[in-house]
Amino acid sequence: MPNADRSQVITETVNRYIELVAKGSADDLVELYAEDATVEDPVGGEVHIGRQAIHGFYSAVDDVQRECELVSLRVAGNEAAFQFRLTVTAGEHRMVIEPIDVMAFDDSGRITAMKAYWSAADVTPP
């Protein structure tokens, strides 16, 4: 795939990821990943390997209200780095997290690896 096309596919996948983090389900999100993909969120935590484990990870947010906004995105080669703002509301509790994610992609545009860089210091009230 030519670099311009690859960059466009990766950009579209990241935008779809942001949309699904806000409004999608774990079923929707896992479809963006390759079969043997890995998710490390946050970096230093458990590494979820394969779509079943990744589905389990994302299912934790199925029952909370979420808003998500892409802040910045850089695509280079088969990878993307982006910052986004996630607002989570669970009952009366609201929090804002601003992680920086780094993703690698296969030739079909599926995510092969995702690492999320954030810590408790990056979680604030809205």
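Hydrogens, waters and symmetry mates play no part in the numbers below; they use all other heavy atoms, side chains included.
Here the side chain of Glu40 pairs a donor or acceptor atom with the backbone of Gly44 at under 3.5 angstrom. In this structure, the side chain of Thr112 does not engage the main chain of Asp106 through any donor-acceptor pair within 3.5 Å. Within the 3.5 Å criterion, the main-chain N or O of Ser119 finds a donor-acceptor partner in the side chain of Asp122. Here the side chain of Asp62 pairs a donor or acceptor atom with the backbone of Ala26 at under 3.5 angstrom. A donor-acceptor contact shorter than 3.5 Å links the side chain of Thr13 to the backbone of Gly109. Listed for the Arg51 side chain is a donor-acceptor partner under 3.5 Å among the backbone atoms of Tyr33. Between the side chain of Arg85 and the main chain of Glu67, no donor-acceptor pair closer than 3.5 Å is present.
Residues Arg94 and Thr87 share a closest heavy-atom pair of NH2-CG2, 3.2 Å. Closest approach of Ala37 to Ile54, counting heavy atoms only: O-CD1, 3.6 Å. Contact between Ala80 and Ile10 at its shortest, heavy atoms only, is CB-CG2, 3.7 Å. The two residues Ser7 and Val75 come nearest to each other via the heavy atoms OG-CG1, 3.8 Å. Annotation for Gly91 and Thr89: closest pair O-CG2, 3.6 Å, computed over non-hydrogen atoms.
One distance of note links CD of Glu31 with CD1 of Ile111; it measures 11.5 Å at 0.5 Å rounding. Remark: Arg66 CZ to Leu20 CG distance equals 9.0 Å, nearest 0.5 Å. Interatomic distance, CZ of Arg16 versus CG of Leu29, reported as 8.5 Å (0.5 Å rounding). Between atom CG of residue Leu86 and atom CD of residue Glu98 there is a gap of 10.0 Å, rounded to the nearest 0.5 Å. Of the inter-residue distances, the one linking Ile97 atom CD1 with Trp118 atom CH2 reads 5.0 Å to the nearest 0.5 angstrom. Taken from NE2 in His48 to CG in Asp41, the straight-line distance is 7.0 Å, to the nearest 0.5 Å.
Both Val39 and Val88 are members of a single hydrophobic cluster when ILVMFWY side chains are connected at heavy-atom separations under 4.5 Å. A chain of hydrophobic side-chain contacts below 4.5 Å, direct or via other Ile, Leu, Val, Met, Phe, Trp or Tyr residues, connects Met114 to Leu70. No continuous path of hydrophobic side-chain contacts links Tyr117 to Val14 [ILVMFWY only; heavy atoms under 4.5 Å]. One hydrophobic cluster, built from ILVMFWY side chains closer than 4.5 Å, cannot hold both Val43 and Met103; they sit in different ones. Criterion: ILVMFWY side-chain heavy atoms under 4.5 Å apart, direct or through other members. Under it, Val71 and Met95 are not part of a common hydrophobic cluster.
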Ile18 vs Glu69, test: side-chain contact (heavy atoms from CB on, under 4.5 Å). Steps then yes/no. CA-CA 7 Å; Ile18 295 297; Glu69 172 189 4; 6.0 Å; no
Test log, rule side-chain contact (heavy atoms from CB on, under 4.5 Å), inputs Val30 and Tyr58: CA-CA 8 Å; Val30 80; Tyr58 284 115; 5.7 Å; no
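Taking the six-membered ring where tryptophan is involved, the planes of Phe82 and Tyr17 are perpendicular, since the angle between them exceeds 60° and thus also 30°.
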